Amino acid sequence: MSSTAISARLTFLWETPRTLWGSLTTVDHKTLGLRYLITAMVFLVAGGIEALIVRVQLAQPGMKLLSPETYDQIFTMHGSTMIYWYAAPILSGFSVYLVPLMIGARDMAFPRANAFSYWTYLFSGIFIYTSFLVGQAPNAGWFAYTPYTLKTYSPGLGMDYFAIALIFLTISQTVGGINFLVTIFRHRAPGMSVNRMPLFMYSTSTNSVLSILSMPTLCVACVFLLLDRDWGTHFYDISHGGSTLLWQQLFWFFAHPWVYIIFLPATGMISMLLPVFSRRPIVGYAYVAISTVLTGAFGFGVWMHHMFATGEPLMSMSYFSAASMMISLFSTIQIYAWIATLWKGKPVLTTSMCYALAFIAVFIIGGLNGVITALIPFDWQLNDSYWIVAHIHYVLVGANLFPVLAAFYYWLPKMTGRMMNERLGMISFWTTLIGFNAAFFPMHFLGLLGMPRRIYTYSAGMGWDNWNLAVTVGAFLLAVGVVLTVVNFFVSAKYGQLAGPNPWNSDTLEWSTPSPPPPYGSVHIPTVQSRHPLWDEHDEEYDPEDARVLDRERMTISTTWLDALPIGLAKMPEDSIWPLVLALALSAIAGLVLVRSMWWTLAPIVVGLAVMAAWLWPKEEKRAE
Amino acid sequence: MNANALIESNGISREWLSAQAIRGLPIDQGRGTGAMAWFIASEAMVFLALFFSYYYLGHGQPRWPIGDAPSLTLPTAMLFVLFLSCIALWAGGRLMRQGREPAARGALLLTVLLGCGFLVLNAMSYNSATMIQPVTQNPYTSIFYTINGVHAAHLILGLLFLLYAAVLPRLGPTEKPPHGSYRNAAMYWYFVTVVWFVMYAVLYIGPHHVVAANPALH
């Protein structure tokens, strides 16, 4: 059979028409992955603008740019946007795009659920941003402690927006997590046993388990909050016998694993690209894989270290202090593996590699200023000061933004088909690095000098003035660095050098497809016989009888979860409008709960159930003859 | 490296790579079951968080539950109803695997009926004298009715799953998705039943035990 006939049939089966209807119904993981990435970048810019407004307000003592009320809303939205609507979804974006390509599957296990995750994520973000339109954005910080968030102290709609939007986002993340797990453990290419999976699969699947098991607690905490605020229950209300610490327990049980949700896929991406630019396989593959999983597991046992200042029993404080120090071991193992890879390899300093190296350096600082905060007396001294702000930014920006930028420079040639400009890339790298350190390093001094976090202004003569100015200048420099990368993306996507299938001479399967990949991925479902399919001598697409082209219907191969032996052919659904309609129905429910028209929510609930019934109903799918 | 070397290096039988073997693969019926298992894991965490909150709210109280312990009569009856429904569902699964689809559908409908019976008993228990307190009375009533309500909502969802499976064109292995609809809906129903067993122990048996063990609470 001629290969053009095969690819014509595969294109007929998998391509989404380039129409408006096509763009609303598509389930192509590559389109959805790009949408995730772009949406998350938009939220990064929105959160960044909010950060800059906050920094202008704090640049000098006694500034009057923002009223205290507006300041509270802006910094809350900065934190919430960055943590919930940028940091995790951008990693989902990379995973949605890359996971099927890396494991040689035609798409995710549940392509329509994938589209549903994206739409839900998008609408939840739009939903929380509509709070600005009514002038009542959330105003209690990204962890929204009770009792401040109860109706008495936070009247208005702000905290209702916060709670409902997070429940909404939980749905998106949970569906996404289930989808990743089933994809990774059921659709890997034949021969890609678990000891041959790219390390990114370990981090994505650990991340998914964390999402699935930790987000329900957030959901419960937010439901309690809504019930307390609007329906008169007494979960958090101390005056009626409730417990204000219940929120903190539930919230941090979710939010500490969330830190790893933000962090682990980023380390997975570093473990993919750092060896490529060191021109050798990663040192200690098994140790990196195991420590990724153990970080996730131990991530469930450290949440109380956010609550050392709340008066917990000595026993529990000792346990959580020890566990918090212990968990740094696993990150340390990964860092040593990366350093050893660099040491034994021949590093090539591309922009991507520079971001990866900067990540290691910045993350070590963030780890060190964090691990000493696990010492309880030290924590008591510095809790709620700018020291904590410095720590969270070193960890989150260091462990998320730098790897994400490294990943952009590494994988964008695959996604757009064109190389990013290296010269502009290096300029943006140095601007970002210097700006980042100028913005966040002085915060350590501000913390030691006693500046509390979240104050909207301060008076002169506290010794904070110059440091604050430095922070503001650094923040703007950091913003310039990020903007340069965005500019680089747009310019390079149009005028960059053509990338070809494998510009970096990488080892994993996504690089065996053309750039950008066709809608069906590779023509023949590959077989794998080592950890580095493109570096070994085995021809992954060797298939003289065209058995693995699956060009009659939309299908991909199912394999066993441990050894990846073929066990079945999975039928994949076609494009569908139902994911979008279901996400819209959820948005309607969210809006109606916000204005407390509870009986009206029955309408979108019924619509949603009908949509799910239509979604799952068996139907004729197209075939290529 | 050619395919033969690949097969030898893997130590795997040569059949799995042959064109014949790939063409002969069955339609995968198990994808949804994996998803349902993870969905249930996430739902289990919802209830874990709720039970945690129940004890956490209680540990600072001089008396928990605040007021009288809930009556055991109706919850015990509900336990039996759910248990019977699971037996019907399990028997239906056997019938389905034997290829007796109409009988299996009958078992599904019986399960749904018993589930509705549970909901009726639940509504009666809300109206019974010992439970007439409003949800807004104190933290105990808040968490008690929230757990109860969340469970009832999950049970209704499980009923809808079962009903949907009952009206699908095929229950057993199918050419077209959804595959394994009976099995997946049944998994969810077993899950909501198990949750009721735990609720029965935590919310109903537990308080009686505590009151009995500590006469000062009378």
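Just so it is clear, the structure is predicted and the values come from calculations on it, not from any experiment. So you know, we letter chains A, B, ... as the sequences are listed, proteins then strands, and number each from 1.
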**Fill in**
One should read off an interatomic distance between B/Ile40 CD1 and A/Ile178 CD1, to the nearest 0.5 angstrom, of 10.0 Å
**Option in A/Val175, A/Asn179, A/Thr217, A/Leu181 with maximal non-hydrogen atom pairs under 4.5 Å from chain B** = A/Leu181
**Asked** Ignoring hydrogens and geometry, is there a side-chain-to-backbone donor-acceptor pair from B/Arg31 to A/Val182 under 3.5 Å?
**Response** no
**Fill in**
chain B shares the most heavy-atom pairs under 4.5 Å, among A/Ser208, A/Ser211, A/Ser558, with A/Ser558
**Message:** Other residues, nucleotides and ligands only: do more than 12 of their heavy atoms fall within 6.0 Å of CZ on B/Arg170?
**Reply:** yes
**Request:** Select one option (side chain, backbone, both, neither) describing which atoms of A/Phe185 are under 4.5 Å from chain B's heavy atoms.
**Result:** neither
**Asked** For A/Leu245, is it the side chain, the backbone, both or neither that has a heavy atom under 4.5 Å from a heavy atom of chain B?
**Response** both
**Asked** CG of A/Leu616 to OH of B/Tyr164: how many Å apart, nearest 0.5 Å?
**Response** 5.0 Å
**Asked** So what's closer than 4.5 Å to chain B heavy atoms on A/Tyr236: side chain, backbone, both or neither?
**Response** neither
**Message:** Checking A/Leu250 against B/Tyr56 for the side-chain contact (heavy atoms from CB on, under 4.5 Å) test, could you report, in this order, the C-alpha distance in whole Å, the side-chain angles of both residues, the deciding distance, and whether it holds?
**Reply:** CA-CA 10 Å; A/Leu250 292 173; B/Tyr56 196 80; over 6 Å; no
**Message:** With a 4.5 angstrom heavy-atom cut-off, is it the side chain or the backbone of B/Val167 that approaches chain A, or both, or neither?
**Reply:** both
**Fill in**
Most heavy-atom pairs under 4.5 Å with chain B, out of A/Ala613, A/Cys219, A/Gly177, A/Ser530, belong to A/Ala613
**Item:** Passing candidate, side chain to side chain contact (heavy atoms under 4.5 Å, CB included) with B/Met45, options A/Thr174, A/Val220, A/Leu213
**Value:** A/Leu213
**Prompt:** Are B/Gln137 and A/His234 side-chain neighbours, meaning at least one heavy-atom pair lies under 4.5 Å?
**Reply:** no
**Prompt:** Under a 4.5 Å heavy-atom cutoff, which of A/Pro544, A/Gly241, A/Pro573, A/Gly242 has the most pairs with chain B?
**Reply:** A/Gly241
**Fill in**
Applying a strict 4.5 Å limit to non-hydrogen atoms, the region of A/Ile212 in contact with chain B is both
**Prompt:** In Å and rounded to the nearest 0.5 Å, what is the CG to OG1 distance from B/Asn138 to A/Thr233?
**Reply:** 11.0 Å
**Prompt:** Below 4.0 angstrom, N of the basic side chain to O of the carboxylate: do B/Asp28 and A/Arg186 qualify?
**Reply:** yes
**Request:** Please round to the nearest 0.5 Å and tell me the distance separating atom NZ of B/Lys176 and atom NZ of A/Lys619.
**Result:** 10.0 Å
**Asked** For B/Glu175, is it the side chain, the backbone, both or neither that has a heavy atom under 4.5 Å from a heavy atom of chain A?
**Response** both
**Prompt:** Taking only heavy atoms into account, what residues of residues 46-53 of chain B are found under 4.5 Å from chain A?
**Reply:** B/Val46, B/Ala49, B/Leu50, B/Phe52, B/Ser53
**Item:** Distance, nearest 0.5 Å, that separates CD1 of A/Ile567 from CG of B/Leu25
**Value:** 9.0 Å
**Request:** Can you tell which part of A/Trp617 gets under 4.5 Å to a heavy atom of chain B, answering side chain, backbone, both or neither?
**Result:** both
**Asked** Below 4.5 Å, heavy atoms only, C-beta onward: do B/Ile143 and A/Phe235 meet side chain to side chain?
**Response** yes
**Prompt:** Between A/Glu545 and B/Arg23, what is the shortest heavy-atom contact and its length?
**Reply:** O-NH2, 2.7 Å
**Request:** State, yes or no, whether a side-chain contact exists between A/Pro618 and B/Pro178 at a heavy-atom distance under 4.5 Å.
**Result:** yes
